[in-house]
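Input: a single structure, listed below in structure tokens.
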Amino acid sequence: MVIEYVRKTYLKRAHCFFIAVALLVCFSLLPFAQIISTSLKHQFDWGNPSLIPQAINLDAYKELLGLTEAKKVEIPVAIQKILDNPKLPQDKKDAILAKFVSNDNLFPFGKYMLNSIILSVGAVLLFHLFLPLWAPIR
């Protein structure tokens, strides 16, 4: 009888603890869901508080991963007039033109991600390689 009471009390506490943890996890994951939802929305839909976008837009991810066509950057008319000045040396013209190159790889996400993976795997391999030297097996 006492054991049954203790068991029921333990189960109640375990269920309450599980519900509290589940609520905390849901509350913590809500901002991430909102971020992903907003990244999938079109600009006209950003003000919509719904987590489900009206239409899914993957353009931001395509641009991030470099899957879009390179955009040609237009040189403003004022800059073009400066470049047409014959007194301006060629090295200065080249320096100005360097600012107006294509921005197709402005943020090389793939290169950064590959670098992070290589460093992570290398650190784990080094750790496991030198672990026996630091903590000999008894």
Side-chain angles (χ1 to χ4, degrees):
M1 186 159 165
V2 172
I3 295 174
E4 190 67 30
Y5 173 74
V6 170
R7 184 171 170 245
K8 284 183 183 179
T9 306
Y10 174 76
L11 285 176
K12 277 184 187 178
R13 286 184 182 175
H15 282 70
C16 289
F17 179 73
F18 175 75
I19 290 171
V21 168
L23 287 173
L24 183 66
V25 166
C26 289
F27 181 74
S28 299
L29 291 179
L30 188 62
F32 295 104
Q34 185 71 36
I35 289 169
I36 296 207
S37 170
T38 303
S39 74
L40 293 173
K41 293 180 181 180
H42 284 278
Q43 272 185 320
F44 66 83
D45 200 19
W46 283 351
N48 182 3
S50 170
L51 281 177
I52 301 170
Q54 292 177 356
I56 293 179
N57 178 19
L58 296 175
D59 292 341
Y61 290 102
K62 289 178 186 175
E63 185 177 339
L64 179 69
L65 296 173
L67 302 175
T68 58
E69 241 179 68
K71 299 174 194 162
K72 183 173 173 35
V73 178
E74 296 289 326
I75 299 174
V77 177
I79 301 296
Q80 191 62 46
K81 286 183 182 180
I82 293 171
L83 291 173
D84 291 339
N85 185 353
K87 294 180 181 178
L88 190 65
Q90 187 61 36
D91 61 329
K92 297 280 186 185
K93 287 181 183 181
D94 293 340
I96 292 171
L97 282 174
K99 306 262 187 216
F100 293 98
V101 294
S102 174
N103 60 353
D104 61 335
N105 201 10
L106 191 61
F107 181 71
F109 180 77
K111 185 188 292 185
Y112 292 163
M113 187 61 135
L114 180 63
N115 184 37
S116 297
I117 290 171
I118 290 171
L119 286 175
S120 303
V121 170
V124 169
L125 289 176
L126 282 174
F127 176 76
H128 285 290
L129 182 67
F130 290 110
L131 181 64
L133 298 176
W134 294 323
I137 300 173
R138 296 180 194 196

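The structure places CG of L24 at 13.5 Å from CD1 of I19, a figure rounded to the nearest 0.5 Å. For the atom pair Q34 CD and S37 OG, the distance stands at 5.5 Å (nearest 0.5 Å). The NZ atom of K92 lies 16.0 Å from the NZ atom of K87; values are rounded to the nearest 0.5 Å. Annotation: the span from L97 atom CG to Q80 atom CD amounts to 7.5 Å, rounded to 0.5 Å. Separating the CG atom in L30 from the CZ atom in F32 is a distance of 10.5 Å, to the nearest 0.5 Å. In this structure, T38 OG1 and N57 CG are separated by 12.0 Å, a value rounded to the nearest 0.5 Å.
Cluster membership for Y61 and I56, using ILVMFWY side-chain heavy atoms within less than 4.5 angstrom, is shared. Both F127 and L129 belong to a common hydrophobic cluster when Ile, Leu, Val, Met, Phe, Trp and Tyr are linked at side-chain heavy-atom distances under 4.5 angstrom. Under the 4.5 Å side-chain heavy-atom criterion for grouping Ile, Leu, Val, Met, Phe, Trp and Tyr, Y112 is connected to F109 within one hydrophobic cluster. A chain of hydrophobic side-chain contacts below 4.5 Å, direct or via other Ile, Leu, Val, Met, Phe, Trp or Tyr residues, connects F17 to V25. Note on L51 and I36: separate hydrophobic clusters, where clusters join Ile, Leu, Val, Met, Phe, Trp and Tyr whose side-chain heavy atoms are under 4.5 Å apart, directly or indirectly.
Between the side chain of K93 and the main chain of L83, a donor-acceptor pair closer than 3.5 Å is present.
Of all heavy-atom pairs between S120 and S116, the closest is OG-O, 2.8 Å. Between P53 and K41, the shortest heavy-atom distance links the atoms CB-CG, 3.5 Å.
For L125, the CG atom counts as densely surrounded, since its 6.0 Å shell holds more than 12 non-hydrogen atoms of other residues, nucleotides or ligands. A 6.0 Å sphere centred on CD of Q90 holds more than 12 heavy atoms belonging to other residues, nucleotides or ligands.
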